[in-house]
Participant: 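Sharing a structure, written as structure tokens. Questions coming.
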Amino acid sequence: MITENAPAPSDFIRDIVAADLQSGLHTKIHTRFPPEPNGYLHIGHAKSICLNFGIAREFDGTCNLRMDDTNPTKEEVEYVDSIIADVKWLIGGWADYRLGMKPKGALPEAKEIDGKSDFHLSAIRNPQSEIEFEPFYASDYFDQIYEYAVQLIRKGLAYVCDMTPEETDEFRRLGKESHYRVRGIEENLDLFARMKAGEFPDGSRTLRARIDVSSPNVWLRDPVLYRIRHAEHHHTGNKWCIYPMYDFAHCLSDYVEGITHSICTLEFEVHRPLYDWILESLDLPRRLPHQYEFARLNLAYTVMSKRKLMQLVNEKLVSGWDDPRMPTISGIRRRGVTPAALRAFAYNIGITKYNGLTDVSVLEYAIREDLNKHALRRLAVLRPIKVVLTNLPAEHYEELDAVNNPEDASAGSRKIPFGRELFIEHDDFMETPPPKFFRLKPGGEVRLKYAYIIKCEEVVKDDAGNVIELRCTVDPDSKSGGATANRKVKGTIHWVSAAHSIEAEVRLYDRLFTTPEPDADGDFKQHLNPNSLEIVTAKCEPSLAEASSDLRYQFERLAYFAVDKDSTPSRPVFNRTITLKDTWAKEMKK
RNA sequence: UGCCUCGUGGUGUAAUGGUAGCACAAGUGACUCUGAAUCACUUUGUCUAGGUUCGAGUCCUAGCGAGGCAGCCA
């Protein structure tokens, strides 16, 4: 049900899109994903990406990637670059042929339609040619947006206001008209031009829409359209010292790009009347875009706001935006989650207007579902105990066959070395085990995966009483595939040959927070999980020396792992993506 | 406070006036050379009160509850 051959999802937005196509309102669907480059994308954005690109994919449309960059003081090129990389990674092989980009440097084209002036910038879908392409930028439309502002002034629908930010707030709360509301058109035109020319300091004046200061919807109480900011912009440099506000820039950017369905999250619902007012107040010759809202993702045991994520990064509570514990797309990627798993998750949670809290188990399920099918099985011991097989000669050596992936016969098999001295997992031995423990215990038998049945004859301890070595005997007839191999023992455990094993750094990640809603009580940092990262040196089968960062691995009976970017040939580093389900651990908790 | 939106098992969702279904989670069992995976089964739900209707999760009214907005952020 979560495979990508599954029927396309259905939700209220897709229903609207389908109806608009059916009725002939639109012949081509055009969506967009419009992040502000003021931080890294997170899993909530992934939901939006899957929605917008998913619609483009299902309805033969296009989805533009656009930087919503109208606030120069918060935005940076580093974020632009990370956003492009994250989007491409998430939609790669799935909806990349729906990605709308533009030739580098392309700007809106001025045209005349039915005697009306118009600006349009069309998308190139999935550009493959040699020419350089780039995403769309709202800041590329500053000239056009300025033109539209002048149009509003000429129509008497916008005015320059000299009130301070505090006065503006107060007047708006009280529903009072600004003294400058009655300013004449010529004066407004002159003042607005001088704002653009840089004659006034930051905060001294704004351009405001003239709508209705007594509207019950505060966003219609003469909202600010332009503010003065003498600041360098990451994309337009020092060309501008006035910048349009989100509400003014966004609807017009949608229009310029020919967007049909402008999909955003619930908090913009009250802005929709303003979105429509701006577009309807201008003499725009083409069909207008429409805004639809859905509920943003809330995931248990994590925080989602960019501000809080940035705090974790800045205060070094994590190693960076791509720390594998972060809910960022780059963190999730580094952790080893595949894009298909993330997409399956987005599919499974659906699209509604209900603001709920999604359980992490839904995400974890999607990750395991995908990794189980594709990960290569390997043997590795995270917390080793030495085992000596006393009835084998010291020089004993053989190679055993091991299946690479029982879910995928085409993955083949490999040889693993076996000798007299082994390592097994600390958790797989108990001196005085509880009932139903069917791993190794004194006098007990257990199968070594792909190898022999062994019996524990003697427990060796250090002075402190810690178990440091097990002396066992091997049943030579019990070799996998051998004569009496069918003899049943309850438990099967993983192991590696001591002489042939390699060491690897293994990073064991757990959830970053200890409570389902870390930011519910204001101070999310006090709910940080002190054990969210544990680093161990594991003993691994030798084939893991050539582990590829393109592949995923399951260390059998433990968890799924991916090669970290810190990995080197002399010191492999693995990130634990997610553990296997562990019914025994659950049983032990009871 | 005003305005907007939303209330379906524990969680996330479907049912578009006609048998309340799916997924995750939880539980039981089968199988197992991964206590995984797989398979079978089980538990749990329409916020409340009225109304319309042959029939209401769905439509209407009132209430209750939750979330959002009230930046010269997006």
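Convention: sequence-line order gives letters A, B, ...; per-chain numbering from 1.
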Participant: Dot-bracket notation for RNA chain B is requested: 5' to 3', Watson-Crick or G-U wobble pairs only, both distances under 3.5 Å, with ( ), [ ], | and . as defined.
Facilitator: (((((((..((((....[..)))).(((((.......)))))....(((((..]....))))))))))))....
Participant: Would you tabulate the pairs of protein nitrogen or oxygen atoms and nucleotide nitrogen or oxygen atoms of nucleotides 26-29 of chain B closer than 3.5 angstrom?
Facilitator:
{"residue": "B:A26", "atom": "OP1", "partner": "A:Lys586", "partner atom": "NZ", "Å": "2.9"}

Participant: Using the C1' atom in both, what is the distance from B:C64 to B:A49, to the nearest Å?
Facilitator: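 Here B:C64 and B:A49 have their C1' atoms 10 Å from each other.
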Participant: Please pick, from B:C72, B:C73, B:A23, the nucleotide with the shortest atom-to-atom distance to any side-chain atom of A:Arg172.
Facilitator: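 Among the listed nucleotides, the one closest to the side chain of A:Arg172 is B:C72.
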Participant: Using the ring centroid of each side chain, check whether A:Tyr246 and A:His250 are separated by less than 6.0 Å.
Facilitator: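 Ring-ring flag for A:Tyr246/A:His250: true, centres closer than 6.0 Å.
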Participant: With sequence neighbours left out, what residues match A:Glu587 under side chain to side chain donor-acceptor pair (under 3.5 Å)?
Facilitator: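 Applying side chain to side chain donor-acceptor pair (under 3.5 Å) to A:Glu587 gives A:Lys436.
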Participant: Looking at residues 249-257 of chain A, who's got a heavy atom less than 4.0 Å off RNA chain B?
Facilitator: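 Per residue number, the list is empty: none.
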Participant: Between B:A36, B:C4, B:A25, which nucleotide gets closest to the side-chain atoms of A:Ser361?
Facilitator: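 For A:Ser361, the side-chain atoms sit closest to B:A25.
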Participant: Nearest to the side chain of A:Tyr354, which nucleotide is it out of B:U5, B:G7, B:A74?
Facilitator: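 For A:Tyr354, the side-chain atoms sit closest to B:G7.
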Participant: State which residues pass ring pair (Phe, Tyr, Trp, His ring centres under 6.0 Å) with A:His179; sequence neighbours excluded, sorted by chain then number.
Facilitator: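 So A:His179 forms a ring pair (Phe, Tyr, Trp, His ring centres under 6.0 Å) with A:Phe171.
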Participant: Just verifying a value: how many Å separate A:Asn188 CG and A:Arg183 CZ, rounded to the nearest 0.5 Å?
Facilitator: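 One finds 6.0 Å between CG of A:Asn188 and CZ of A:Arg183.
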Participant: Picking from B:U34, B:A70, B:C73, which would you name as closest to the side chain of A:Glu36?
Facilitator: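 Shortest atom-to-atom distance from the side chain points to B:C73.
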Participant: Compare the minimum distances between each of B:A70, B:C72, B:C73 and the side chain of A:Val218, then state the nucleotide with the smallest one.
Facilitator: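 For the A:Val218 side chain, the nearest candidate turns out to be B:A70.
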Participant: Who are the ring pair (Phe, Tyr, Trp, His ring centres under 6.0 Å) partners of A:His494, not counting sequence neighbours?
Facilitator: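 Partners of A:His494 by the ring pair (Phe, Tyr, Trp, His ring centres under 6.0 Å) criterion come out as none, since no residue qualifies.
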